Amino acid sequence: MRVVLQRSREAKVEVDGEIVGAIEKGFVLLVGITHSDTLEEAKYLADKIAHLRVFEDENGKMNQSILDREGAVLSISQFTLYGDTRKGRRPNFMDAAKPEQAKVLYDQFNKLLRSHGLTVETGIFGAMMDVQLINDGPVTLILDSK
């Protein structure tokens, strides 16, 4: 699994002009899944994200987690994170998991985040989505279960 994490002040996702998910402070997660990913990768990343210390404490040091800050998560499925651009001009998405496999693991990943006590909003799996966020920092990290 591959996740692009962006710390945000607020974020929302729209499908066909309708807001289907929105958060205040927290994380926007772009979540990509490949063929070999299992529940173990989802558990690893959910735990890592819940406890990742990327929010400033009273001394201005990144020392607090999203749990400490009572933040929320906007999780967006993103198969293009497994796009391979090494050859030619058009990305190859053969490393992305098939939708049937990816949706199951994506849903489990979000459930695991919720099990940490996080509020998790999502887009609609497989839909064309418009994602808006106000990046906080900016703080952007790439997490990979490998």
Side-chain angles (χ1 to χ4, degrees), residues 1-56 61-69 71-116 118-146:
M1 286 182 74
R2 196 172 281 162
V3 175
V4 175
L5 176 153
Q6 294 182 297
R7 193 176 72 183
S8 65
R9 293 178 196 256
E10 63 183 69
K12 66 180 179 179
V13 59
E14 294 181 5
V15 174
D16 296 327
E18 180 182 334
I19 296 172
V20 296
I23 63 166
E24 295 294 322
K25 64 182 178 189
F27 293 150
V28 173
L29 306 178
L30 305 177
V31 182
I33 298 169
T34 191
H35 307 286
S36 60
D37 288 335
T38 66
L39 188 57
E40 289 308 309
E41 280 84 10
K43 286 179 183 176
Y44 168 78
L45 285 176
D47 186 62
K48 175 69 78 174
I49 289 164
H51 295 97
L52 197 62
R53 298 184 312 177
V54 295
F55 291 93
E56 286 85 10
K61 299 224 185 262
M62 284 191 188
N63 211 20
Q64 292 188 327
S65 72
I66 192 169
L67 295 171
D68 297 325
R69 288 296 193 88
V73 171
L74 179 60
S75 176
I76 307 295
S77 61
Q78 188 79 39
F79 78 94
T80 60
L81 291 180
Y82 279 99
D84 184 349
T85 60
R86 291 176 290 180
K87 292 183 182 177
R89 305 251 184 228
R90 184 172 177 214
N92 174 327
F93 298 108
M94 295 301 291
D95 288 339
K98 298 283 185 220
E100 311 78 47
Q101 174 193 3
K103 182 169 183 356
V104 170
L105 196 55
Y106 172 71
D107 290 343
Q108 290 173 328
F109 171 72
N110 292 324
K111 185 176 180 180
L112 289 163
L113 288 169
R114 289 182 183 105
S115 75
H116 285 282
L118 292 167
T119 297
V120 179
E121 296 278 324
T122 66
I124 297 175
F125 186 91
M128 285 294 289
M129 295 177 270
D130 295 324
V131 181
Q132 298 177 28
L133 74 138
I134 298 175
N135 204 316
D136 182 18
V139 173
T140 302
L141 299 167
I142 300 171
L143 296 92
D144 200 311
S145 61
K146 304 294 180 222

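The figures here come from the full heavy-atom set of this structure, side chains too, leaving out hydrogens, waters and symmetry mates. Since the model is a prediction, treat every value here as computed from it, not as a measurement.
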query = More than 12 non-hydrogen atoms from neighbouring residues, nucleotides or ligands closer than 6.0 Å to CZ on Arg53, yes or no?
reply = no
message = Between Ile66 and Phe27, does the side-chain contact (heavy atoms from CB on, under 4.5 Å) criterion hold? Intermediate values first, please.
response = CA-CA 8 Å; Ile66 192 169; Phe27 293 150; 3.5 Å; yes
ask   = Between Glu18 and Asp16, is a side-chain contact (heavy atoms from CB on, under 4.5 Å) present by the stated rule, with each step listed?
value = CA-CA 6 Å; Glu18 180 182 334; Asp16 296 327; 5.7 Å; no
query = Do side-chain atoms of Arg69 reach the backbone of Glu56 as a donor and acceptor pair under 3.5 angstrom?
reply = yes
query = Can you tell me how far the OG1 atom of Thr122 sits from the CG atom of Leu113, to the nearest 0.5 Å?
reply = 11.5 Å
query = For Leu81, does its backbone N or O pair with a side-chain atom of Arg2 as donor and acceptor, under 3.5 Å?
reply = yes
request  = Mind listing the closest non-hydrogen atom pair of Leu133 and Ser8 along with its distance?
outcome  = CD1-CB, 3.9 Å
remark   = So CE of Met94 and OG1 of Thr34: to nearest 0.5 Å the spacing works out to 10.5 Å
message = Please give me the minimum heavy-atom distance between Ala50 and His116, naming the atom from each residue.
response = CB-CG, 3.7 Å
message = Measuring from atom OG1 of Thr38 to atom CE of Met1, what distance do you get when rounded to the nearest 0.5 angstrom?
response = 9.5 Å
request  = Mind listing the closest non-hydrogen atom pair of Val20 and Gly123 along with its distance?
outcome  = CG2-CA, 4.0 Å
message = Just so I know, are the side chains of Leu52 and Leu5 near enough to count as touching, which here means a heavy-atom distance under 4.5 Å?
response = yes
message = Is the shortest side-chain heavy-atom distance between Met62 and Val139 below 4.5 Å?
response = yes
request  = Enter the distance from Asn92:CG to Tyr82:OH here, rounded to the nearest 0.5 Å.
outcome  = 14.0 Å
ask   = Measuring from Asn135:CG to Arg9:CZ, what's the distance to the nearest 0.5 Å?
value = 9.5 Å
Interatomic spacing from CD in Glu14 to CE in Met129 - rounded to 0.5 Å = 12.5 Å
message = Ring centroids only, cut at 6.0 angstrom: are Phe79 and Phe125 within range, meaning strictly under it?
response = no
message = Quick check on side chain to side chain contact (heavy atoms under 4.5 Å, CB included): which of Asn110, Leu67, Leu112 does Leu118 satisfy it with?
response = Leu67
query = Would you say Ser75's side chain and Leu29's backbone share a donor-acceptor pair under 3.5 angstrom?
reply = no
query = Are any of the side-chain heavy atoms of Ile23 and Val73 separated by less than 4.5 Å?
reply = no
key: Asp107/Lys103 salt bridge by N-O under 4.0 Å criterion   = yes
Pairwise side-chain contact, Leu45 with Val31, heavy-atom cut-off 4.5 Å (strictly under) = no
ask   = Side chains of Ser145 and Asp37: does their closest heavy-atom pair fall under 4.5 Å?
value = yes
ask   = Okay, side chain of Gln101, backbone of His35: is any donor-acceptor separation there less than 3.5 Å?
value = yes
query = Does any N or O in the side chain of Arg7 come within less than 3.5 Å of the main-chain N or O of Asp136, such that one atom is a donor and the other an acceptor?
reply = yes
Lys146 and Asp144 ion-paired at < 4.0 Å = no
